Amino acid sequence: MDGARDTGLKNVASTSSLAGMDDFDLSKLLDKPRLNIERQRSFDERSLSELSIGFAARASVENLEAMNSPGGRSYLDTPASSSRNSFDPHPMVAEAWDALRRSLVYFRGHPVGTVAALDHTEEALNYDQVFVRDFVPSAMAFLMNGEPEIVKNFLLKTLHLQGWEKRIDRFKLGEGAMPASFKVLHDPARKTDTLIADFGESAIGRVAPVDSGFWWIILLRAYTKSTGDLSLAETPECQKGMRLILALCLSEGFDTFPTLLCADGCSMIDRRMGVYGYPIEIQALFFMALRCSLMMLKHDAEGKEFIERIVKRLHALSFHMRNYFWLDFQQLNDIYRYKTEEYSHTAVNKFNVIPDSIPDWIFDFMPTRGGYFVGNVSPARMDFRWFALGNCVAILSSLATPEQSMAIMDLIESRWQELIGEMPLKISYPTLESHEWRIVTGCDPKNTRWSYHNGGSWPVLLWLLTAACIKTGRPQIARRAIDLAESRLLKDNWPEYYDGKQGRYIGKQARKFQTWSIAGYLVAKMMLEDPSHLGMISLEEDKQMKPLIKRSTSWTC
């Protein structure tokens with residue numbers, strides 16, 4: 001890896017396109033001809049009109065002025081969008097771009113990704129590899145900066161790795177599984193580069209990632225939306241790659257729920273944290289990947305078969321999640337009064353959740369206005385914990401209705417100290433402690449209370465929070481969170497995560513110069529300064545998927 005090399009790509013303002021790509025009616029999709037996609041507009045017209053209405057209703061004049069992006073020259077080789085805004089770029093922006101470029105990984109002279117971290121004070125372990133999920137914020141930063149070639153190279157390289165035979169011990173993984181990470185081995189003597197992929201066989205806990213395939217599809221759509229280049233997604237290789245991923249998660253079996261059954265450690269929370277079953281993060285990413293696939297799959301014989309399956313699954317999944325995973329004050333009160341051992345289709349307590357299993361903390365945590373998607377729902381089990389990534393992706397994918405999206409923002413504002421504190425953003429809340437920690441995490445010393453995945457604060461989540469804030473017309477929340485990050489991140493050398501109830505301390509085992517902490521900050525800054533970038537990662541609501549929600553209406557007040 002040669003972090004000092006110039007990519008040779010120009011820093012130009014990205015021009016998103018594929019306008020209207022998000023406007024589709026699921027019930028009519030199967031009979032529609034191929035989408036006629038206009039390449040000149042930077043984002044969905046309806047998305048911006050709704051965005052401006054939200055801003056007018058909720059943002060101050062000062063916030064609105066801060067979001068304008070008049071023309072101007074770039075600043076110290078930083079993205080054009082940073083210099084076009086109505087205020088001077090923060091000094092951290094130039095430092096962040098410099099650090100991000102140092103993390104670039106090259107394969108045969110071409111950049112193909114970014115390493116997880118460049119902390120030279122610690123043993124490398126697997127932090128010197130390119131992780132699929134970790135690269136997403138880096139990819140978003142490069143797309144926003146008009147450097148799509150890096151992202152294209154990454155998409156093609158991981159697609160190549162997907163085709164490898166994948167074995168863990170003597171067991172063969174599904175054909176569509178995407179790697180968790182890959183490494184480039186340079187041989188200076190022979191002047192050769194070799195790829196080595198990890199599908200979970202080297203991971204802690206030996207768990208294959210479920211989220212890698214979903215992030216790959218989401219990133220392919222972001223690349224297409226940003227560049228207007230349909231040719232990549234339409235290649236036979238990319239079409240097959242999407243179908244293989246979808247075949248894994250759309251297969252019919254014994255499960256009676258439309259959600260995706262998963263093991264612990266298969267996503268960003270990659271250690272045992274009691275998120276086995278139907279974790280919100282995977283369900284939200286699953287939903288988003290399905291919707292992105294609908295926009296990119298060809299309507300040929302093979303593609304149409306998958307489109308039919310996707311449409312059916314999306315209807316069922318949106319109904320299930322919006323009804324059974326949603327929690328607000330009214331719904332909590334209903335669960336508190338549940339009867340158990342109900343039988344037949346008339347049962348209200350369909351999952352036989354025992355009211356005595358409701359944890360004490362939730363009664364004080366739940367505001368009268370606001371709500372969120374809980375961590376997990378399965379037979380006799382409701383995980384009431386807050387998980388940031390799943391709720392943010394639910395907003396961006398429109399898995400959350402507009403009312404639910406606003407309620408999630410209301411919750412973040414009313415529980416600022418608990419979820420944001422002094423460093424955005426709590427990955428989960430609250431923490432597992434004492435006996436519960438021993439049972440659930442297996443006494444994992446890295447996941448002690450208020451650390452790492454167990455209530456730690458992760459700066460990378462800043463970009464997802466910012467995107468959700470912009471979509472809901474609440475940019476002031478993102479600005480406040482970014483201000484907090486700017487007070488510490490550079491000074492602390494871009495840590496992987498922070499510890500403590502308020503996120504005040506650098507994580508006890510956190511790596512420095514963590515690439516996605518750097519990229520997450522850059523994406524948040526660029527998105528707030530130029531909200532048109534939101535179109536890369538945001539999908540508009542499909543009215544046909546909106547079920548009637550009768551049991552929980554406090555968020556419409």
Side-chain angles (χ1 to χ4, degrees), residues 22 26 46-47 50-51 53-54 57-58 257-259 278-288 290-291 314-335 362 365-377 382-416 418-419 425-426 428-429 461 464-475 477-478 534 537-557:
D22 303 336
L26 280 177
R46 178 166 56 124
S47 170
E50 292 175 355
L51 189 64
I53 293 170
R58 293 192 172 270
F257 309 138
T259 39
Y278 307 91
I280 179 60
E281 177 178 335
I282 290 297
Q283 311 316 316
L285 287 172
F286 180 33
F287 182 87
M288 192 167 195
L290 289 178
R291 290 200 62 194
L314 280 172
H315 277 287
L317 185 60
S318 60
F319 178 85
H320 184 94
M321 297 298 297
R322 291 170 181 177
N323 275 276
Y324 305 126
F325 273 67
W326 182 252
L327 189 71
D328 56 19
F329 186 84
Q330 181 61 51
Q331 179 66 1
L332 179 60
N333 208 152
D334 290 347
I335 296 171
I362 190 67
F365 178 76
M366 179 61 71
T368 52
R369 287 180 61 86
Y372 65 104
F373 290 98
V374 297
N376 227 313
V377 177
M382 187 171 282
D383 185 344
F384 290 89
R385 285 177 293 176
W386 150 273
F387 290 94
L389 194 153
N391 276 275
C392 288
V393 173
I395 291 174
L396 296 174
S397 64
S398 289
L399 171 59
T401 65
E403 296 85 0
Q404 288 173 333
S405 296
M406 297 304 288
I408 294 170
M409 289 293 119
D410 287 340
L411 177 84
I412 291 172
E413 281 198 302
S414 30
R415 294 294 174 257
W416 185 268
E418 291 91 338
L419 302 180
L425 173 67
K426 281 270 178 273
S428 62
Y429 181 88
L461 296 170
L464 287 162
L465 174 65
T466 301
C469 289
I470 294 172
K471 184 172 183 181
T472 54
R474 311 277 275 271
I477 298 177
L534 179 67
I537 199 68
S538 175
L539 306 175
E540 290 305 313
E541 183 186 27
D542 188 301
K543 304 296 182 184
Q544 299 301 314
M545 287 194 295
K546 190 171 185 178
L548 293 173
I549 301 178
K550 299 178 181 178
R551 298 179 304 166
S552 177
T553 56
S554 68
W555 35 266
T556 62
C557 296

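Source: prediction; values computed, not measured.
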Does the side chain to side chain contact (heavy atoms under 4.5 Å, CB included) test come out yes or no for M321 and F287, once each step is laid out?
-> CA-CA 10 Å; M321 297 298 297; F287 182 87; over 6 Å; no

Would you please test L419 and L411 for side chain to side chain contact (heavy atoms under 4.5 Å, CB included) and show each step?
-> CA-CA 9 Å; L419 302 180; L411 177 84; 4.2 Å; yes

Carefully, step by step, assess D542 and L314 under the rule side chain to side chain contact (heavy atoms under 4.5 Å, CB included).
-> CA-CA 10 Å; D542 188 301; L314 280 172; over 6 Å; no

Take N376 and Q283 through the side chain to side chain contact (heavy atoms under 4.5 Å, CB included) test and state the conclusion after the steps.
-> CA-CA 10 Å; N376 227 313; Q283 311 316 316; over 6 Å; no

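Judged by distance alone, the side chain of Y372 and the main-chain N or O of F384 form a donor-acceptor pair under 3.5 Å.
Ring-centre distance between Y429 and F365: below the 6.0 Å cut-off.
Side-chain contact between I408 and W386 is present, with at least one heavy-atom pair separated by less than 4.5 Å. Between F325 and H320 there is a side-chain heavy-atom pair separated by less than 4.5 Å. When side chains are defined from C-beta on, K471 does not count as touching S405, because their heavy atoms never get closer than 4.5 Å. Inter-residue side-chain proximity for I362 and L327 is flagged as met; some heavy-atom pair is nearer than 4.5 Å.
With rounding to the nearest 0.5 Å, the separation of NZ in K426 from CZ in R415 is 15.5 Å. Residue C469 holds its SG atom at 6.5 Å from CD1 of I412, rounded to the nearest 0.5 Å. To the nearest 0.5 Å, atoms CZ (R291) and CG (L396) are separated by 11.5 Å. Once rounded to the nearest 0.5 Å, the distance linking CG of L539 with CD1 of I395 reads 13.0 Å. Distance check: I477 CD1 to E413 CD gives 3.5 Å after rounding to the nearest 0.5 Å. L389 CG to L285 CG: the interatomic distance, rounded to the nearest 0.5 Å, is 6.0 Å.
When all heavy atoms are compared, the tightest approach of D410 to G370 is CB-CA, 4.0 Å. Residues S397 and A284 approach most closely at OG-O, 4.3 Å, considering heavy atoms. The nearest pair of heavy atoms linking L399 to S318 is CD1-CA, 4.1 Å. Contact record, E540 with S398: C-OG, 3.3 Å, taken as the closest heavy-atom pair. In terms of heavy-atom proximity, P258 sits nearest to L317 at O-CD1, 3.7 Å. Across every non-hydrogen atom of M288 and V393, the tightest pair is SD-CG1, 4.0 Å.
Of the candidates D334, N333, D328, D334 is the only one forming a side chain to side chain donor-acceptor pair (under 3.5 Å) with Q330.
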